[in-house]
Amino acid sequence: MARETKRARLARMHEEYAILCELIPAPACALDFADPFQLLVATVLSAQTTDRRVNTVTPELFDRFPDAATLGRARLEEVEEIIRPLGFYHAKSRNIIALAAQLEADHGGVVPATMDGLTALPGVGRKTANVVLGNAFGIPGFPVDTHVLRVTGRLRWRADWRDAHPDPAKVEREITACFPPEEWTDLSHRLILFGRSTCHARKPACGTCPLADSCPSAA
DNA sequence: ATCCCGAGGG
DNA sequence: CCCTCTGGAT
């Protein structure tokens, strides 16, 4: 196959995104918290876990520790007990307590609506920050997680698709340059769901994949 | 077995 | 660049 021109690749990206929009009808955020603080904590907890399981522990967690002031002063063991089913519970408990304490100290418990403010908090990287910015504040962002890295690589949506360990921030810049800001959050979400449901890490379901026709990596 | 909407640390 | 943190669902 001849080398794809930049223009052709951009057209393919938009076509494939349109197909994903049909494939995944409801792009609602699974972590649906109106309160930015609770969304932030829930998003931190969702690392290496499913949103469904996070939602099983958050009612009790936020019933006891509804805000930064209370969670920041929580006993470690008490938090551990509540979030134990998530796995990584020891590290995560320390993380969210430290996060809440820092948030209380630096911002009076109010979640900052900026990338710099969010990523300065312990346990918050660009991925988490972008999720919070998008879902709590309506600020366009493109969360890049392992699914997004894998899927954009396989689809060759980025120039460095050969790189086994791409820089997430670089991927974020590269992909957002190809879509209007109002589509970033939705695009990321759909790529993640697509990666989970079809474009698996080890055994991608190319046989039933709706993008197989145009995917350069399809088996 | 395989995977789960990461981030910090060495 | 690697590693670790962890339990539950499928």
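Quick note: numbers below take in every heavy atom, side chains included, and nothing from hydrogens, waters or symmetry partners. The structure presented is a predicted model; accordingly, all values stated were derived computationally and were not measured. So that the names make sense, note that chain A is the first sequence line, chain B the second, and so on, each numbered from 1.
Side-chain nitrogen and oxygen atoms of A/Arg126 include none within less than 4.0 Å of the OP1 or OP2 phosphate oxygen of B/dG8. Within the 4.0 Å cut-off from OP1 or OP2 of B/dC4, at least one side-chain nitrogen or oxygen of A/His147 is found.
As rounded to whole Å, 13 Å separates atom C1' of B/dC3 from atom CG of A/Asp51. The distance from atom CG of A/Asp167 to atom P of B/dG6 is 17 Å, rounded to the nearest whole Å. The distance from atom CD of A/Gln102 to atom P of B/dG8 is 12 Å, rounded to the nearest whole Å. One atom, CG of A/Asn55, and another, P of C/dG8, lie 17 Å apart when rounded to the nearest Å. Here B/dG8 presents its C1' atom at 14 Å from NZ of A/Lys92, a figure rounded to the nearest Å. The separation between A/Lys203 atom NZ and B/dC4 atom P is 14 Å, rounded to whole Å. When the P atom of B/dA7 is taken as reference, atom CG of A/Leu40 falls 11 Å away, rounded to whole Å. One interatomic measurement links the two molecules: CG of A/Leu86 to C1' of C/dA9, which rounds to 13 Å at whole-angstrom precision.
Across every non-hydrogen atom of A/Ser46 and A/Val54, the tightest pair is CA-CG2, 3.6 Å.
Ranking C/dA9, B/dA7, C/dT6 by closeness to the A/Tyr89 side chain, first place goes to C/dT6. Residue A/Arg53 has its side chain nearest to C/dG7 when only B/dA7, C/dG7, C/dT6 are considered. Comparing C/dA9, B/dG6, C/dC2 by their nearest atom to the side chain of A/Lys127 picks out B/dG6. Among the nucleotides C/dA9, B/dC4, C/dC1, the one closest to any side-chain atom of A/Gln48 is B/dC4. Distance from the side chain of A/Thr128 is smallest for B/dA7 among the nucleotides B/dC4, C/dT6, B/dA7. Each of B/dC3, B/dC4, C/dC5 was ranked by its minimum atom distance to the side chain of A/Arg202; first place goes to B/dC3.
For the pair A/Glu174 and A/Lys170, the salt-bridge criterion is not met [side-chain N within less than 4.0 Å of a carboxylate O].
Mapped onto DNA chain B by nearest heavy atom, A/Asn95 and A/Arg150 fall at different nucleotides, with A/Arg150 at the one closer to the 5' end.
Contacts of A/Thr49 with the nucleic acid, taken as non-hydrogen atoms under 4.0 Å apart, include base atoms. Note on A/His200: nothing from the nucleic acid sits closer than 4.0 angstrom, heavy atoms only. Backbone-only engagement by A/Val124 is indicated by non-hydrogen atom pairs under 4.0 Å involving sugar-phosphate atoms exclusively.
Side-chain contact between A/Leu71 and A/Asp67 is absent, with no heavy atoms from C-beta onward closer than 4.5 Å.
There is no side-chain donor-acceptor pair under 3.5 Å between A/Lys127 and A/Thr43.
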Give the C-alpha distance, both sets of side-chain angles, the deciding distance and a yes or no for side chain to side chain donor-acceptor pair (under 3.5 Å) between A/Arg12 and A/Ser214.
-> CA-CA 8 Å; A/Arg12 181 169 60 82; A/Ser214 57; 5.3 Å; no
Before giving the answer on ring-ring contact (aromatic ring centres under 6.0 Å, His included), spell out for A/Phe142 and A/Phe179 the whole-Å C-alpha distance, their side-chain angles and the decisive distance to 0.1 Å.
-> CA-CA 10 Å; A/Phe142 186 71; A/Phe179 292 87; 7.9 Å; no
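B/dG10 sits 16 Å from C/dT6 when the P atoms are compared, rounded to a whole Å.
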